[in-house]
Number of protein chains: 2
Amino acid sequence: MAGLKQVQRQTGVALWRQIADRIRETIGNGTYDETGMVPPETVLALQFGVNRHTVRSALAALAQEGIVRAVQGRGTLIERKERLNFPITRRTRFTSGIGDQAREMRSLLLDEVQEEASAEVARWLGLKQGEQVIRLETLRQADKRPVSKATSWFPAARFAGIGEAYRKRESITKAFADLGLSDYVRATTEVTASHANTADLADLELTPGAILLIAKAMNTDLDGLPVQYSISRFAADRVQFTIEN
Amino acid sequence: MAGLKQVQRQTGVALWRQIADRIRETIGNGTYDETGMVPPETVLALQFGVNRHTVRSALAALAQEGIVRAVQGRGTLIERKERLNFPITRRTRFTSGIGDQAREMRSLLLDEVQEEASAEVARWLGLKQGEQVIRLETLRQADKRPVSKATSWFPAARFAGIGEAYRKRESITKAFADLGLSDYVRATTEVTASHANTADLADLELTPGAILLIAKAMNTDLDGLPVQYSISRFAADRVQFTIEN
DNA sequence: TATGGTTGTCTATATCAATAGACATTTAAA
DNA sequence: TTTAAATGTCTATTGATATAGACAACCATA
C-alpha cells in the first residue's frame, strides 16, 4: 500500500483534497469498520507519502463535512458512512426505492415554472418544440441529508397543477395520482457522471471537485405515452444505482 | 452567465482545473458547435471572473489532452468531442453495443490470474468463498482511444482457457462461444461513480481529478447460472449509459 | 497594406499548498 | 503515576497558483 503512489502532484488538485477524497471513499467501502477509526495521521502520511500536515488538512476537510471527528489523545473517529442504493427498473420510484435505507425521506419543491418545451424536452415527451410544459425543480433528502436534485418536465396540458400537488404530497407518484394518473412506468434511463456546478454544490452540500451521478429518465403511462422527463443529479459518494434486467 | 460564479476558490481544486473541466463539458454539450472554436481567452476570463493567464492554464491542459488546439492570431479550435453511448439491456455486449459509433474497436488482455474467490466474487458467481475463479484484466479502446478498463471473474471449473480465447478473439462473447457457451444475458448492473486511482488514470490516459463511471455487472447463461462477474471502469467524459426498460 | 482581434511571452507580486521540525496537550493503558 | 501514542499548535521555508500589466507575433479582412 505504501509503495503505490495514490496521489499525484502538480495536477491542479491539491494533495490534501486528493487524500480527503480517497479517505472518504475508503470509509465508504467499510475498510475501517473494525476500529471505527481512521488510521493515525503519521500512518496515513507514510501511506500517501506526504507530510503529516498535509494529511491534517485532508482530515480537517472531512471533519468539516461531518464524516470524521478528531479527538486529541485518542484518534480520528468515523462519524458517518452511508451509500444509498437506488434500484432502476420499470417500476422505479424514488421514495419507495429507498425503502428502509433511511428513516425520514423528504422531497422539497424548489421552483415551478411553465415554459415552452426545448428541442430536447419536446423530443423526450413526444411534443412539438415550443409546446407548453411545466418544469419542477426538486430536492430530495434522506434523514435531512440532501441526496439528489432533479429537474422534471411534464406536458402542461395534461398535468396542470402538478407543482401544487407535489408540494403537498412530496411524491411524484402521489401527485400523479391526485391528477388522475394511477400508474406509470420507467421507459428509459441514461446515466452519466460529471463534476458539480456551483448551484448544485450548494444545494447538495458538496465541496468543489465532488462528483455527480446524473440520471436522465423518461416515464410513460401504461399506454406508453410520455408523462415525465427528468434530469436528476445525485451526490455520487452517497448513492449507487442498481439495474436489474 | 457572467454573473454566475462558476468556479470556487480555496477548495483544494485549482481554478485552472475547474475551468478546464467546465470548458471540456461545454464542448461535449455542443455549445460551441457553430463556430467550432472556444470563445477568446479574454471573453472566457470575463465569464469565469478570473485573469486571462488562468484561462490560458486551463486551455493548455485541454490542449495537452488533445481536445483543443490554439492557433495564434485566429483562436482556439476544438479538435475532438465525443461521448460514446452504451446501452445496458438484458443483451448488453461491449463491442456490438458501440456499433457504428467508432471505426475500430479493440479489447486487450492485460493480465490473467487463477485465484480463490473472495466473498464478494463468490456471492455474485454463486460459488463458495475460496473456490477457484479466473480473473481477467482487460482494456477496451475505441479508435485507439482507451474507453474502459475491466476486471472480470469466471468460474474456473467451467471456463478454463478463457484468457487465451479472449486474447485471440478480443471479445467475451466470442471467447464464451469458443468454450461452448453460445449465449448469455445480463442479469444485473450496478452503477457508481468515483475518482480514478493512479493505475486507472495511466491506462485510461486521464488526468487526476478525472471521473470514472463504474459498472458492476453479472451475466448468466440461459438457465440463470452466473457465468461472469465484472467491474468495468469507464472514463466518464467519454461515455454515457442508456438503460432501456 | 493598415487595422482590429487573437494568441504568445515576459516580468513582478501576493496568496495558497506542502514540507520540515519542535513541542504542547490529551487519552488510555501499563 | 508514568509512559506511549495520538492530536493540536507554532514557526519557517519552498514551490505552485493567481493576479496584473505590457508588449510581441500572427491572422483575417477591409
Side-chain angles (χ1 to χ4, degrees), chain A residues 2 5-23 27 32 34-64 66-79 207-209, chain B residues 2 5-23 27 32 34-64 66-79 207-209:
Chain A
K5 267 189 200 162
Q6 307 191 14
V7 289
Q8 292 188 320
R9 289 154 199 268
Q10 302 178 16
T11 59
V13 182
L15 290 179
W16 64 264
R17 174 141 294 286
Q18 296 183 51
I19 292 170
D21 290 340
R22 215 153 282 300
I23 293 176
I27 290 174
Y32 303 139
E34 282 196 20
T35 59
M37 298 177 74
V38 170
E41 293 169 353
T42 50
V43 173
L44 290 172
L46 206 64
Q47 277 182 11
F48 287 108
V50 301
N51 192 274
R52 180 180 154 231
H53 293 295
T54 308
V55 170
R56 284 178 60 74
S57 298
L59 291 175
L62 294 178
Q64 188 66 29
I67 292 178
V68 301
R69 178 170 54 90
V71 178
Q72 190 170 1
R74 291 182 58 195
T76 303
L77 283 61
I78 295 170
E79 290 277 272
T207 51
Chain B
K5 267 189 201 164
Q6 305 190 17
V7 289
Q8 292 188 322
R9 288 153 201 269
Q10 300 178 12
T11 60
V13 183
L15 290 178
W16 65 262
R17 173 141 295 284
Q18 296 183 51
I19 292 169
D21 290 340
R22 214 153 282 304
I23 293 176
I27 290 174
Y32 304 137
E34 282 196 18
T35 60
M37 297 177 73
V38 170
E41 295 168 352
T42 49
V43 174
L44 289 172
L46 207 64
Q47 278 183 9
F48 287 108
V50 300
N51 191 275
R52 181 183 152 226
H53 293 295
T54 308
V55 170
R56 284 180 58 75
S57 298
L59 291 175
L62 294 178
Q64 186 66 29
I67 293 179
V68 300
R69 178 169 54 91
V71 178
Q72 189 170 6
R74 291 182 59 194
T76 303
L77 284 60
I78 295 170
E79 290 278 273
T207 51

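In what follows, chains carry the letters A, B, and so on, assigned in the order in which the sequence lines appear, proteins first and then strands, with residues in each chain numbered from 1. Please read these numbers as outputs of a predicted model, since none were measured by experiment.
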A.B. asks: Take A:L44 and A:I19, measure what side-chain contact (heavy atoms from CB on, under 4.5 Å) needs, and give me the verdict at the end.
C.D. replies: CA-CA 9 Å; A:L44 290 172; A:I19 292 170; over 6 Å; no
A.B. asks: Quick one: CD on B:Q47 to OG1 on B:T42, what's the gap to the nearest 0.5 Å?
C.D. replies: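 Answer for the CD-OG1 pair, B:Q47 versus B:T42, is 10.0 Å.
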A.B. asks: Tell me: CG of B:L62 to C1' of C:dT7, nearest whole Å?
C.D. replies: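 Rounded to whole Å, this separation is 16 Å.
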A.B. asks: Okay, side chain of B:Q18, backbone of B:V13: is any donor-acceptor separation there less than 3.5 Å?
C.D. replies: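 Side chain of B:Q18 to backbone of B:V13, a donor-acceptor pair under 3.5 Å: yes, one is there.
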A.B. asks: Let's see if you can work this out: which of D:dT19, D:dC27, C:dT7 has an atom nearest to the side-chain heavy atoms of B:N51?
C.D. replies: D:dT19
A.B. asks: Rounded to whole angstrom units, what separation is found between the CG atom of B:L59 and the P atom of C:dT7?
C.D. replies: 8 Å
A.B. asks: If you check every side-chain atom of A:A70, which of C:dG21, D:dT7, D:dT19 has the closest atom?
C.D. replies: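 Out of C:dG21, D:dT7, D:dT19, the nucleotide with an atom closest to A:A70's side chain is D:dT7.
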A.B. asks: Run the numbers on B:I23 and B:I27 for side-chain contact (heavy atoms from CB on, under 4.5 Å), then give the verdict.
C.D. replies: CA-CA 6 Å; B:I23 293 176; B:I27 290 174; 4.0 Å; yes
A.B. asks: To the nearest Å, give me how far apart CD (A:Q72) and P (C:dT26) are.
C.D. replies: 6 Å
A.B. asks: Ignoring backbone atoms, establish whether B:T76 has a side-chain N or O less than 4.0 Å from OP1 or OP2 of C:dT7.
C.D. replies: yes
A.B. asks: Below 3.5 Å, does any donor atom in the side chain of A:H53 face an acceptor in the base of C:dA17, or the other way round?
C.D. replies: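 Under the 3.5 Å cut-off, the side chain and the base do not form any donor-acceptor pair.
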A.B. asks: Please state how far atom CZ in A:R69 lies from atom C1' in C:dT27, giving the value in whole angstrom units.
C.D. replies: 14 Å
A.B. asks: Check step by step if side-chain contact (heavy atoms from CB on, under 4.5 Å) holds for A:M37 and A:L77.
C.D. replies: CA-CA 4 Å; A:M37 298 177 74; A:L77 283 61; 4.0 Å; yes
A.B. asks: Which nucleotide, D:dT19, C:dT6, C:dA18, lies nearest any side-chain atom of A:T54?
C.D. replies: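 Nearest nucleotide to the side chain: C:dA18.
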A.B. asks: Taking atom P of C:dG5 as reference, at what distance in whole Å does atom CG of B:L44 sit?
C.D. replies: 17 Å
A.B. asks: Starting at CZ of A:F48 and ending at C1' of C:dA18, how long is that distance when rounded to a whole Å?
C.D. replies: 16 Å
A.B. asks: Please tell me which of the listed nucleotides, D:dA18, C:dG8, C:dA17, lies nearest to the side chain of B:E41?
C.D. replies: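 Minimum distance to the B:E41 side chain belongs to C:dG8.
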A.B. asks: With a cut-off of less than 4.0 Å, is there a side-chain N or O of A:R56 near OP1 or OP2 of D:dT7?
C.D. replies: no
A.B. asks: What is the separation between atom CZ on A:R52 and atom P on D:dT9, rounded to the nearest whole Å?
C.D. replies: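 The distance from CZ of A:R52 to P of D:dT9 comes to 11 Å, rounded to the nearest Å.
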A.B. asks: Roughly, in whole Å, what's the span from CZ in A:R17 to P in C:dC16?
C.D. replies: 16 Å
A.B. asks: Taking the side chain of A:L15 as its heavy atoms from C-beta onward, which of C:dT19, C:dA22, C:dT7 lies nearest to it?
C.D. replies: C:dT19
